[in-house]
Chemist: 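Mind having a look at this structure? Questions to follow.
Hydrogens, waters and symmetry mates are skipped; everything else that's a heavy atom, side chains included, is used. All chains are named by letter (A, B, ...) in the order of the sequence lines, taking the proteins before the strands, and each is independently numbered beginning at 1.
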Amino acid sequence: MKNIFQDLNKEQRVAVEHTDGPSMVIAGAGSGKTRVLTYKVAHLLNQGVDPFNILALTFTNKAAREMKERIIQLVGTGDARNVWMGTFHSIFARILRIEGHRLGYGSNFSIYDTEDSKRLINNIIKEQNLDKKVYAPNYVLGRISGAKINLMDDKQYNENFEIIQADKMAGKPRIGEIYTIYNKRLQSADAMDFDDLLFNTYILLENFPDVLHKYQHKFHYVLVDEYQDTNHVQYMIIRKLAAANENICVVGDDAQSIYGFRGANIQNILSFQRDYPDTIVFKLEQNYRSTKTIVSAANGIIVNNKEQIFKEIWTNNDAGNKIGLLRAPTDSEEGNMVAGSIFEHMMNNQLPYSAFAILYRTNAQSRAFEEALRRRNIKYRIYGGLSFYKRKEIKDLLAYFRLAINNRDEESLQRVINYPARGIGKTSMENVVIAANAAGVSLWEVVSDPKKYSLQVHGGIISRMGSFTTMIKSFSAQLKSRDAYDLAKHIASSSGILKDLYEDKTPEGVSRYENIEELLNAVKDFTDQSIADQESGEVQEDLKTLDGFMADIALLTDADDKDKEDTNHVSLMTIHAAKGLEFPYVFVVGLEENLFPSMMSLNSREDLEEERRLFYVAVTRAMKQLTLSYADNRYKWGLLSPSEASRFLEEINENFLERPMHSRPKVNTGLKSTGSSGGFTPSFGKRTLKKINKTELSQPGYDTREDDIQTGMEVEHQRFGKGKVVSIEGYGGNRKATVFFQKVGQKQLLLKFARLKVLK
DNA sequence: ACCGTATTCAGCGCG
DNA sequence: TGAATACGGT
């Protein structure tokens, strides 16, 4: 047993040593948060605590995996393996597979991902003859998800006066009804969506005292990572589980709470001490990651937020370079400048590509940087694209697996019943849905016994349905007798998927075929694991089966372990995706009003504060040097519109910026937009939230200036020069003009931004 | 059943 | 702009 304390500073050590009773570790950016959590688990194990009695909850699989690896390094494989460590969803799914029968679920229930949920909602909306523009599936799912997060089932939803009013006001009075149907359909499919994994766990603990007792006494120690990102239902589950022993330790940083938009409640961390009056608070305030300049600048940013836990982050590191600031005329030029700057840094300091990261607010911004980097032959990788398990071909094959495991899985059935094409088309399936809904049974029930439900389809289709169900049934029957890989291969070929993809010789088709092969390799790895375990002498009850594989991977989102080779590249990702990471040289780009902070965040202080925390997260990713950039004009939805520097730039103390004060970012006052070097206006910092809301200013009747522009007029644009108005369309803030310019040709301009001068 | 064209819409995204 | 989906024609 290694003395683990030598790796920790004093603050980290006392936090790790405190094991019993509630505690909260407020860990500033770069202060060794993960280290404390992993060492705490290791410490508990060293103290002789049974690993089965420790529950450690994380938000991502990656975090859980990395933590587990580090604990294994500290205490060895045996103990570390048995700690209940994983994401909220995976741990609770595990509990629900054991206990879910009390709520009417089978142990092999399916888990619907967001795509499945949306499809189901879409179907319900169609069946109910609702306008899907009014009832946008995304919006509806958001409402339902919000309700589940706040522990409101469909019955409560439909009885809640405020909710009913709110939906009525929004012109969507039937959301409650959709919620009810949606839940019913999930039930009859023996499926849970992501929110159900949390919601049902809570219900289980709330309504079944023996279950509550069991898990309270199982988990003597509860540890929660990223506590600032927990939502209400997660919070309530944690409270219940920890109630008996109160050996609860939460770790987080309120300043890095950036997931409010998906239900995270920053109040959970802000009021933890109130929830557990005996709480001991540990603060990790020493930053090991960044230069003094970066740390001070970050402190200067976050201090503008009202709601936070007081802390003072400091560092012993060097002062380092000042923060760079790049101003570009357009977004593509911004790409060039950043790529150029990366190239320069690389040459001057002999750095690898991997020393650099470009962080942006929205995925759509990545293109300019991709192009610029490609032009300079700088290797890069974009993070956050379509993950392996979300690809169509993978989901198709997985749907066959899911259907074999759970015949009632409606989304999987719909997905594969006619893929590869076997002549069971849309119309037939619509009839199946009608019959199933009428009889209150799953689609499978109808498809496998069409006569019983007097299904109105041709005899030919009945027989095709027969051969389909026979095939699926034969898969189901082999679940326990064949090993996972064997059966998976069998399903891939006898379903016709392999053949279908093999015949497609386009590059995309080839890559899809390869993806299927990769999935099958993953199944093989899983299957082979059992052999390894047997060799190591561990008791292995049965062979590794396909349902075991599915339970393992159902909640995985990334297949990142495969391509470890080639790690030397510039990283491009959103700031959200960068949380928890660090890079020597970081470029935070697109610092413009209405982009960062996002236009959607300007309506409330809470949202703007979250946006500022996001900026704080971005800035604190940098170790050696931070560079910020923005563009004066940016393509948005196909047209070039002017943008102004972000208010966040003003929150960085001049002394930390590379540029002297007289060339500070120009503040667009709306008065004039060219020349004049000294743009600093004292009133800038005091700008109210309201003023930014430009659309409001451009409503018809409020500002008539744009309406003066008519077809045929000759106009002048500050950048494009003189031109003639070809046509006008739209109203208010969306009023657009198509103008033919002498120099640059035809452009479409959003009038509220274009500031055209009428010549004639 | 399938393909090309029209239309629409646009935030960050864990599991 | 461009991706995703709906629709209408063959």
Chemist: Does a side-chain heavy-atom distance below 4.5 Å link A/E115 with A/E411?
Modeler: no
Chemist: If you assign A/T114 and A/R361 each to the DNA chain B nucleotide with the nearest heavy atom, which residue ends up on the more 5' nucleotide?
Modeler: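 First, find each residue's nearest nucleotide; the 5'-ward one identifies A/R361.
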Chemist: Tell me, which pairs form a side-chain hydrogen bond (donor to acceptor under 3.5 Å, both in side chains) where one or both residues lie in residues 83-93 of chain A, sequence neighbours left out?
Modeler: A/T87-A/S90
Chemist: Within the 4.0 Å heavy-atom criterion, would you say A/E611 contacts the bases, only the backbone, or no part of the nucleic acid?
Modeler: base
Chemist: If you apply the rule side-chain contact (heavy atoms from CB on, under 4.5 Å), what do you find for A/N265 with A/T230, and how did you get there?
Modeler: CA-CA 6 Å; A/N265 185 358; A/T230 51; over 6 Å; no
Chemist: Taking atom P in both B/dG13 and C/dA4, what distance in whole Å separates the two?
Modeler: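 Result for the P pair: 15 Å, nearest Å.
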Chemist: I'd like the 5' and 3' limits of the part of DNA chain C contacted by chain A, with heavy-atom contacts below 4.0 Å.
Modeler: C/dT1 to C/dA6
Chemist: Reckon A/F261 touches a base, only the sugar-phosphate, or nothing at all at heavy-atom distances under 4.0 Å?
Modeler: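 Base: the residue A/F261, judged by heavy atoms under 4.0 Å, touches a nucleobase.
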Chemist: Ignoring the backbone of A/H89, work out which of B/dG15, B/dG11, B/dG13 is nearest its side chain.
Modeler: B/dG15
Chemist: Which residue is it: A/I121, A/N122, A/T114? I am looking for the one with a side chain to side chain contact (heavy atoms under 4.5 Å, CB included) to A/K118.
Modeler: A/T114
Chemist: Measuring to OP1 and OP2 of B/dC14, would you say a side-chain N or O of A/N61 lies under 4.0 angstrom away?
Modeler: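 No, because none of the side-chain N or O atoms of A/N61 sits under 4.0 Å from OP1 or OP2 of B/dC14.
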Chemist: Under 3.5 Å, is there a donor-acceptor pair linking the side chains of A/R375 and A/N336?
Modeler: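 A/N336 and A/R375 do have a side-chain donor-acceptor pair below 3.5 Å.
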Chemist: So what does A/S598 touch, heavy atoms closer than 4.0 Å: a base, only the sugar-phosphate, or nothing?
Modeler: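 A/S598: base contact, heavy atoms under 4.0 Å.
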Chemist: Among B/dC14, B/dC12, B/dG11, which is the nearest nucleotide to the side chain of A/H576?
Modeler: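 Minimum distance to the A/H576 side chain belongs to B/dC12.
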Chemist: Which residue, A/L555 or A/A364, contacts DNA chain B at a nucleotide closer to its 5' end, judged by nearest heavy atom?
Modeler: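 Result of the comparison: A/A364.
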Chemist: Applying a 4.0 Å non-hydrogen cut-off, can you work out what A/D113 is touching in the nucleic acid: base, sugar-phosphate, or nothing?
Modeler: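 Here A/D113 touches no strand at all.
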Chemist: Report yes if a donor N or O on one partner sits less than 3.5 Å from an acceptor N or O on the other, where the partners are the side chain of A/T574 and the base of B/dG13; otherwise report no.
Modeler: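 Side chain to base: no pair present.
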Chemist: Is A/E334 paired with A/R634 through a side-chain N to carboxylate O contact shorter than 4.0 Å?
Modeler: yes
Chemist: Tell me if the aromatic rings of A/F261 and A/H576 count as close, with their centers under 6.0 Å from one another.
Modeler: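 They qualify: ring centres under 6.0 Å apart.
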